[in-house]
2 protein chains.
Amino acid sequence: MNGTRDKKRTSKKRLQIVETAKDLFMRFGIRRVTIDEICRTAGASKMTFYKYFSNKIALLKEIWNGWLEEGYRRLEEIDGMEIPFREKLAEIIEYKMNLLSEIGPEFLDDVLHGGEELREFVQEMRQRNILRFMKYVHEAQERGDMRAIRPEFFLSVLDKIQELAEDERLRKLYNDDMEFIREIQNFLFFGVLPAETR
Amino acid sequence: MNGTRDKKRTSKKRLQIVETAKDLFMRFGIRRVTIDEICRTAGASKMTFYKYFSNKIALLKEIWNGWLEEGYRRLEEIDGMEIPFREKLAEIIEYKMNLLSEIGPEFLDDVLHGGEELREFVQEMRQRNILRFMKYVHEAQERGDMRAIRPEFFLSVLDKIQELAEDERLRKLYNDDMEFIREIQNFLFFGVLPAETR
DNA sequence: TACAAAATATACTATTTTTGTATATATTCC
DNA sequence: GGAATATATACAAAAATAGTATATTTTGTA
């Protein structure tokens with residue numbers, strides 16, 4: 001009577017429910033997707049759903065958590081690579097922006113304007129995320145890889161840049177997404193001054 | 001007391017409601033979008049909505065009708081162009097496929113699996129559409145622009161081809177949409193045999 | 001300015017959807 | 001065969017949505 005917990009977390013139907021929900025949430029946001037619809041699409045019965053999750057929010061939290069974990073793993077993976085810091089930063093930004101565009105604006109909207117509980121959860125997760133990343137930035141500065149700006153400032157800048165990246169009208173001014181991403185990266189790395197003056 | 005009807009159909013808010021609904025319907029389908037949401041997004045009050053439309057279906061019918069009218073116009077426009085018939089057909093197909101991909105699968109799903117009334121309406125519109133197109137095909141055959149296949153058969157073929165075009169897995173096998181569309185066009189024009197044997 | 005048309009705000013009821021649970025049955029897989 | 005897992009169905013409670021009534025405000029224009 002040991003592996004019960006583990007079995008529960010890896011059951012076939014459970015995984016199917018999670019994957020289906022992920023897909024639907026990403027396409028339509030959260031409020032537009034009903035539990036019934038998730039079950040139908042996943043080919044699972046409602047009872048099975050409630051066996052594993054107490055409600056839609058619980059399921060959502062698990063999905064969100066999964067993304068964060070994946071993000072941590074990716075961060076460490078990138079950090080372990082034998083490339084200059086600048087390229088590491090570029091990798092991280094690209095990863096984040098791709099994830100963001102996959103997740104889609106509807107999803108983020110619903111999370112941020114959803115109920116109190118969800119907003120709190122996201123805030124908390126964000127906080128933990130930030131702490132990890134701050135440590136990372138600090139180490140980079142110690143090594144001399146980054147200018148001595150305050151980590152808190154850097155994080156706020158990243159937030160603003162993310163907002164920029166989500167601006168559709170802006171994005172449309174570029175021929176393709178890569179060009180847009182590169183522009184953002186270059187600005188982040190070098191600022192606005194031409195190379196000679198630096 | 002004359003232009004009342006016209007004024008009603010061209011009122012600013014009315015147009016805004018229609019445009020907003022179009023956008024939301026195309027992105028999320030019909031059932032996922034509430035009247036309240038349309039009003040909020042359009043910056044109109046619910047009373048204004050009900051002044052112009054009796055319900056969501058009525059609004060939808062108007063939108064659908066608009067697309068059909070646009071389609072007719074485009075058909076005539078293409079027909080009037082000074083290009084070979086083959087290219088006209090290519091233009092028509094491209095137009096249809098683009099419209100279809102803009103509309104999105106969620107929309108079509110909801111229309112087809114929606115209530116009785118809506119299905120009937122769509123059937124009726126389709127019927128009218130088909131009659132017009134049949135006439136077009138017939139004329140082309142009279143001019144010798146098309147092989148003498150039966151127009152009904154040709155229409156069924158087009159239906160099947162449209163189903164093909166909507167198959168995501170198939171589409172993914174091509175580098176880009178244009179290559180995919182061209183493959184379909186070529187098949188439609190020339191069949192499967194190589195040029196020498198024709 | 002003054003009027004009529006158009007739009008809004010608010011509040012409310014009826015309807016429909018969705019949620020979450022209970023119960024009895026079926027399937028799967030050691 | 002038996003435990004774990006999944007299902008079907010039906011149902012009450014809760015929540016969302018639709019649609020209406022009434023009173024007020026904004027807007028265009030004669």
Side-chain angles (χ1 to χ4, degrees), chain A residues 1-21 24-25 27-63 106 109-111 113-119, chain B residues 1-21 24-25 27-63 106 109-110 113-118:
Chain A
M1 285 296 106
N2 171 309
T4 311
R5 189 90 158 262
D6 289 286
K7 225 176 183 180
K8 269 199 166 181
R9 303 210 113 238
T10 55
S11 137
K12 208 171 162 185
K13 283 281 164 178
R14 193 181 196 281
L15 280 178
Q16 225 154 353
I17 288 173
V18 172
E19 288 310 309
T20 303
L24 289 172
F25 286 162
R27 284 175 31 215
F28 303 115
I30 294 144
R31 80 199 134 96
R32 287 178 218 269
V33 176
T34 68
I35 293 179
D36 231 59
E37 190 183 11
I38 296 171
C39 293
R40 257 181 296 125
T41 316
S45 89
K46 209 157 39 154
M47 289 317 295
T48 307
F49 179 97
Y50 282 106
K51 173 158 288 172
Y52 293 122
F53 307 98
S54 55
N55 52 41
K56 202 158 70 171
I57 303 299
L59 168 57
L60 185 60
K61 284 183 177 176
E62 172 157 330
I63 291 175
E106 288 80 24
D109 247 46
D110 283 356
V111 168
H113 305 130
E116 196 60 25
E117 187 193 354
L118 195 52
R119 260 206 312 282
Chain B
M1 286 300 106
N2 171 307
T4 312
R5 186 91 156 261
D6 290 285
K7 225 176 184 180
K8 271 200 164 183
R9 302 211 113 238
T10 57
S11 140
K12 209 170 160 185
K13 282 283 165 178
R14 191 182 197 282
L15 279 177
Q16 226 154 353
I17 287 174
V18 173
E19 287 311 308
T20 304
L24 289 172
F25 286 162
R27 284 176 31 216
F28 304 116
I30 294 145
R31 78 199 137 94
R32 288 178 217 269
V33 176
T34 69
I35 293 180
D36 232 58
E37 188 183 11
I38 295 171
C39 293
R40 257 182 296 127
T41 315
S45 88
K46 208 154 44 152
M47 289 318 294
T48 307
F49 180 96
Y50 283 105
K51 172 159 292 173
Y52 294 123
F53 307 97
S54 54
N55 52 41
K56 202 158 68 170
I57 302 299
L59 168 58
L60 185 60
K61 283 182 179 179
E62 173 156 329
I63 291 175
E106 287 80 23
D109 247 47
D110 283 356
H113 305 128
E116 197 60 25
E117 187 192 355
L118 195 54

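Within every chain, numbering begins at 1; the chains are lettered A, B, ... in the order of the sequence lines, protein sequences first and strands thereafter.
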Protein-nucleotide distance (B/K13, atom NZ; C/dA5, atom C1'), rounded to Å: 15 Å

Between CZ of A/R32 and P of C/dT18 the distance, given in whole Å, is 13 Å

Of all heavy-atom pairs between A/K46 and A/C39, which one has the smallest distance, and what is that distance? CA-SG, 3.7 Å

Over how many whole Å does the gap from B/L24 atom CG to D/dT17 atom P extend? 13 Å

Whole angstroms only, please: what is the CD1-C1' distance between A/I38 and C/dT18? 12 Å

Walk along nucleotides 20-30 of chain C from 5' to 3' and tag each nucleotide B, S or - by protein heavy-atom contact under 4.0 Å, base first, then sugar-phosphate. BBB--------

Quick one, A/D110 and A/F28 - any side-chain contact, counting heavy atoms below 4.5 Å? no

Side-chain N,O (B/T48) to OP1/OP2 (C/dT8) below 4.0 Å: yes

Does a side-chain N-to-carboxylate-O contact under 4.0 Å join A/E117 and A/K61? yes

Atom OH of A/Y52 and atom C1' of D/dT5 are separated, to the nearest Å, by 6 Å

For B/I57 and C/dT16, what is the distance between atoms CD1 and C1' respectively, to the nearest whole Å? 14 Å

Taking only residues two or more places apart in sequence, or in another chain, which ones meet B/E62 in a side chain to side chain donor-acceptor pair (under 3.5 Å)? B/R9, B/R14

In whole angstrom, give the distance that lies between atom CG of B/D36 and atom C1' of C/dA9. 13 Å

Side chain to side chain donor-acceptor pair (under 3.5 Å) filter on B/S45, not counting sequence neighbours, yields B/T48

Between the opening five pairs and the closing five pairs of the helix from C/dT1-D/dA30 to C/dC30-D/dG1, how far apart are the helix axes, to 10°? 50°

Has B/K56 got a side-chain atom pairing as donor or acceptor with B/I30's backbone, closer than 3.5 angstrom? yes

Holding to side chain to side chain donor-acceptor pair (under 3.5 Å), I want the full list of residues that pass it with A/E106, two or more places apart in sequence or in another chain. B/R27

Who pairs with B/F49 by ring-ring contact (aromatic ring centres under 6.0 Å, His included), at least two apart in sequence or on another chain? B/F53

Salt bridge or not for A/E116 and A/R119, using N-O below 4.0 Å? yes

Whole-Å gap separating P (D/dA16) and CD1 (A/I30): 14 Å

